[in-house]
Structures are given as structure tokens and as C-alpha cells.
Amino acid sequence: MRWLARQRAFLDFTLLSLWRRKGKNAALILAYALVVFLVASVMFAVRALRTEAANVLAGTPELIVQRMLAGRHETVPESYVATVKAIRGVSRVTPRLWGYYFNRAAGATYTVMAPAGFAHGHGEIVVGPGVARTWLSPVDGQYLFRTVAGDSAGFVPVEALPEDTELVSGDLILMSGADFRRVFGLPEGFYTDLAVSVPNERELETVTEKIQRALPDTRPIQRRELLRTYAAVFDWRGGYVIVLLSGAGLAFFIFAWDRATGLSAEERREIGVLKALGWDTADVLSMKLWEGLTISLTAFLLGLIAAYVHVFLAGAGLFAQALKGWSVLAPRLDLTPAIDPTELLSLFFLTVAPYAVITLIPAWRAATTDPDAVMRG
Amino acid sequence: MMPLRPSDRFGLLLALLALALAGLLAVHPRLSAEAGARRTAEAARLVAELGLTDLCLLPEARYTRHLSQADLFSAFQDHPGAMDHFPSGSFLAPPAGLWQAAP
């Protein structure tokens with residue numbers, strides 16, 4: 001009990017001491033919280049996007065077969081469908097028609113797809129949520145496309161894809177196969193690629209090999225490769241994420257370095273006075289430990305709360321802008337919370353503990369020197 | 001009533017912050033779970049129905065819009081020697097092979 005009362009007294013003293021330099025300490029907490037906010041935001045967004053990608057893309061075709069020509073993606077002739085279908089283990093082959101349409105007025109590139117069994121008629125389209133937002137001034141309610149022949153084709157948007165599907169359909173425009181061929185000039189009998197259904201997961205490798213043997217100019221992409229791609233994109237160690245984290249880590253290092261390399265003249269004088277008044281080294285260190293904990297705990301909690309609100313309640317505005325890049329279509333990040341307690345714990349130990357400990361080093365140095373020398377500077 | 005000591009006030013502040021954080025971490029995911037599951041199920045249904053392959057996250061370039069479908073040297077696909085000039089290219093980790101030391 002006595003120990004507790006003593007520590008509480010140290011904490012009282014520390015808080016009053018921090019309050020005396022409130023401007024400087026508030027700035028310190030704010031900057032520290034900003035570092036935690038950045039790291040935690042990345043952590044939350046990355047985990048949520050990985051989970052979302054894995055769940056949403058689970059139903060994607062088991063195998064996509066592209067044709068390559070001179071190292072580039074080329075259209076697939078219809079004869080390939082029968083060749084792939086004849087392979088044992090393949091239950092269905094769906095030729096896909098899709099491509100990109102650049103709308104000069106909107107300055108945006110859209111994904112145009114002609115799904116098999118398109119439920120609407122000639123001259124009608126279904127648009128994704130992002131398309132409806134960005135396509136500028138439809139004429140007479142029609143979306144005008146410039147076809148490959150140089151003329152204009154008007155399409156009536158008859159349905160909008162649900163807002164809930166924006167993560168996969170933001171820039172999607174669906175139309176009939178005949179309209180697709182008219183806009184892009186793709187001749188009959190050719191497709192963009194093939195979606196291959198292989199119900200038995202264990203046969204996938206063999207089917208892939210057989211496709212490559214029968215059609216050497218193709219590139220089969222398995223679903224697990226596709227999921228691996230997304231796991232890699234949102235990986236801690238790669239790309240943008242590492243840039244953000246390095247910045248935050250560096251900022252934190254500068255903090256820690258600043259604290260570790262010295263105390264201000266005022267702080268040194270304070271320690272000198274305390275020592276002259278009869279505080280021993282352990283007391284000074286206790287006070288400094290409380291100071292480090294007070295600052296780092298407050299900053300950690302503030303940063304984490306702000307990060308959660310930013311990512312899961314405010315649509316991760318900071319990252320949406322980064323993801324948008326030079327595109328006109330800004331993806332809406334409506335993320336479902338997916339949090340890993342281990343990551344939170346790691347963040348806690350990587351931010352709170354080092355800071356609290358590092359504040360002890362200069363204090364220990366000052367506290368072990370003669371009070372007279374400390375006060376004289 | 002005795003005035004609160006600084007440590008009491010700080011304890012109170014910390015407790016409030018911890019409570020707010022616990023509320024966010026424990027309560028908000030439960031409250032938003034239904035909407036989240038509906039969103040995911042709806043998107044997954046569309047993916048299965050249309051045979052979609054990629055997330056519409058980085059729509060600025062063909063090879064970032066369809067990451068899994070892009071060719072393996074997509075940064076240079078516009079013409080030989082063309083560097084990756086879209087900011088979102090920086091999101092992507094280099095291919096796994098590049099991390100391993102050359103034999």
C-alpha cells in the first residue's frame with residue numbers, strides 16, 4: 001500500500017511537472033499520436049482489405065486462360081473453347097468478353113463487360129455505382145460511346161449495380177455481346193479470355209498443365225494465384241505500405257533519439273533541485289518512467305482511436321486518395337472491421353515500451369551526477 | 001468534497017480513452033457485422049455471377065485495375081522502356097522472385 005501511495009505521489013508530481021510545460025508536451029503527444037495513427041490506420045486498412053479480398057474473390061473462376069502473342073495479352077479464338085472443354089476435369093468453359101473504355105469527357109477508364117446471358121436488350125447497359133457518379137452529362141438519358149468505327153453509339157442505363165458491390169463493380173459497365181463487339185470492333189468468334197471451371201481442386205494443377213501443353217500460347221491464371229496477388233498487394237513488407245511505415249518508424253526514431261540524447265536545461269535543473277532536496281536516483285527514475293508512460297499511453301490511445309474512426313467510420317479518406325492516384329474514379333472504402341489482437345499488442349509494445357524506457361537514459365545520467373554540477377549545467 | 005488529485009484526473013482521462021477504444025474495438029464490429037456481411041455476400045455473388053477477377057481499388061491503369069490479369073512486366077507494357085508512371089504502381093510488392101537472391 002505504501003509503495004502504491006508513493007508511486008501515486010510520483011505520478012502527481014510528474015503530471016504537475018508536465019503541466020508546467022504543457023505547450024511542449026501537448027505538441028509531443030500530438031506528434032506521437034500522429035505516428036501511432038498512421039501505423040494503426042495502415043494496419044487496420046491492410047487487414048480489412050485482405051480479409052475482404054479473400055472473402056469477395058472466393059467465388060472467382062478457378063482458372064482464367066489468356067492467350068499471349070509476342071508477350072502480350074491477345075484475344076482467344078473460339079476453337080480454344082472446345083480444346084479446353086475436352087480436357088478431363090473441366091466442367092465448364094465460359095468465354096469472357098471484357099475490355100476497357102476510356103471516356104475522354106470524364107477522363108476515366110471504365111471496365112466494359114458482356115456477360116453471358118445478359119438480361120437486357122440491345123442498346124441497354126447496366127452501370128456500376130462509380131460509373132453513375134462520374135460519367136458526365138448523358139445525352140437524352142443515354143451514355144454515348146465512341147465506337148471503333150468512329151461513330152457514336154447511345155446506350156440507355158436500365159439498371160444500376162448495388163452500392164454494396166462497389167468494391168468489385170465501381171467502374172463496371174455491362175452490355176450485350178453484340179453491343180460489345182460493335183463498340184470495340186471485336187470480330188465474331190473471338191473472346192477476351194476463358195473462364196474455366198474445375199470442380200475438383202486437386203485436378204487444377206493437372207488441368208493447367210494440360211491446357212499449356214495443348215495450347216502453348218496461353219497463360220492460365222489459377223484462382224489461388226489471384227488470391228496470392230491480393231495477399232501480396234496488402235502485405236506489410238511491400239510497396240506503399242512499407243513506405244508509409246518507414247516514414248512513421250523514422251519519425252518515431254527521431255522522437256526517441258531526441259529523448260535519449262538529452263534533457264532540456266530546465267529538466268536538468270529540476271532533477272538537480274530534486275536531488276538536492278533529498279530525492280535519490282531511484283525516485284528520479286520512477287518520476288521519469290511515469291512521465292514516459294503518461295505521454296506514450298495517452299498518445300497510443302488517442303492515435304488508435306483516431307485510426308479506427310478514420311478507417312472504419314470515415315471511409316479511410318487518407319488511403320482512398322492514395323488509391324485513387326490519377327484516376328477520376330475514387331473507390332469508396334466501406335471496410336468491415338477485421339482486427340488482429342496480436343497486431344494491436346505488437347503496436348503497443350513497439351510504441352509505448354521503447355519510449356517509456358528511452359526517457360530513462362538521460363534522466364539516469366543526470367540523476368547520477370552531483371546535484372551541484374547538474375544545476376550549474 | 002475533496003478536490004481530485006492530478007493522478008485521479010489523469011486516471012479518469014485514461015479510463016475514458018480506454019473505454020472509448022474498447023467500445024470501438026468490441027462494440028462497433030458487432031454493430032456493423034450485419035451490414036458488412038451483407039456487403040461482402042452481395043459483392044461475392046456478383047463476382048461469382050459475372051466471373052469477375054479483381055477488386056476495383058486502383059482503377060487508374062489497366063494493369064492496376066486488374067492486378068491478377070496483367071502481364072508479368074506490366075510496368076513496361078505501354079512501350080518498351082516505359083516506366084510505371086501511375087502512383088498506385090507503388091502499392092505493389094515486387095514479384096516474389098525478385099526478393100530471392102539470383103543463383
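In the text below, chain A, chain B and the rest are named by the order of the sequence lines, each starting its count at 1. Given the structure is predicted, the values throughout are model-derived calculations rather than measurements.
For Ala195(A), no part lies near chain B; criterion is any non-hydrogen pair under 4.5 Å. Interface remark: Thr14(A) contributes no atoms to any contact with chain B (heavy atom separation under 4.5 Å). Within the 4.5 angstrom heavy-atom criterion, atoms from both the backbone and the side chain of Ile305(A) approach chain B. Of the two parts of Leu167(A), the backbone and the side chain both hold a non-hydrogen atom closer than 4.5 Å to a non-hydrogen atom of chain B. Proximity to chain B is limited to the side chain of Leu172(A), based on heavy atoms less than 4.5 angstrom apart. Heavy-atom distances place the side chain of Arg96(A), and not its backbone, under 4.5 Å from chain B. At a 4.5 Å heavy-atom cutoff, the contact between Leu15(A) and chain B is made by side-chain atoms alone. With a 4.5 Å cut-off on non-hydrogen atoms, Leu46(B) touches chain A through its side chain but not through its backbone. For Phe312(A), the parts sitting under 4.5 Å from any heavy atom of chain B are the backbone and the side chain alike. Using a 4.5 Å cut-off between heavy atoms, Glu166(A) contacts chain B through its backbone alone, with no side-chain atom that close.
Crowding of Arg224(A) atom CZ: a count of heavy atoms from other residues, nucleotides or ligands under 6.0 Å exceeding 12.
Tyr101(A) and Thr111(A) share no side-chain donor-acceptor pair at under 3.5 Å. Side-chain contact annotation: Asp193(A) with Trp98(A), donor-acceptor N/O pair under 3.5 Å present.
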- Message: Evaluate Asp171(A) against Arg65(B) for salt bridge (Lys or Arg N to Asp or Glu O under 4.0 Å), listing each step before the verdict.
- Response: CA-CA 10 Å; Asp171(A) 69 340; Arg65(B) 169 63 179 92; 2.8 Å; yes
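Aromatic rings of Phe348(A) and Phe300(A) (six-membered ring for Trp) have centroids within the 6.0 Å cut-off, being under it.
For the atom pair CG of Leu304(A) and CG of Leu344(A), the computed distance is 5.5 Å after rounding to the nearest 0.5 Å. Here Arg39(B) contributes atom CZ and Asn55(A) contributes atom CG; the two are 12.0 Å apart, rounded to the nearest 0.5 Å.
Ranked by heavy-atom pairs shorter than 4.5 Å toward chain B, the options Leu49(A), Leu11(A), Leu57(A) are led by Leu57(A). Between chain A and the options Ala41(B), Ser68(B), Ala37(B), Cys56(B), heavy-atom pairs under 4.5 Å are most frequent for Cys56(B). In terms of non-hydrogen atom pairs under 4.5 Å with chain B, the most contact-rich of Thr294(A), Leu333(A), Val309(A), Leu161(A) is Thr294(A). Of the listed residues (Ala48(B), Pro59(B), Gly36(B)), the greatest number of heavy-atom pairs within a distance under 4.5 Å of chain A belongs to Pro59(B).
Of all heavy-atom pairs spanning Pro162(A) and Pro129(A), the tightest one is O-CG, 3.7 Å.
Checked for salt-bridge contact, Arg228(A) and Glu225(A) miss the test: no charged N lies under 4.0 Å from a carboxylate O.
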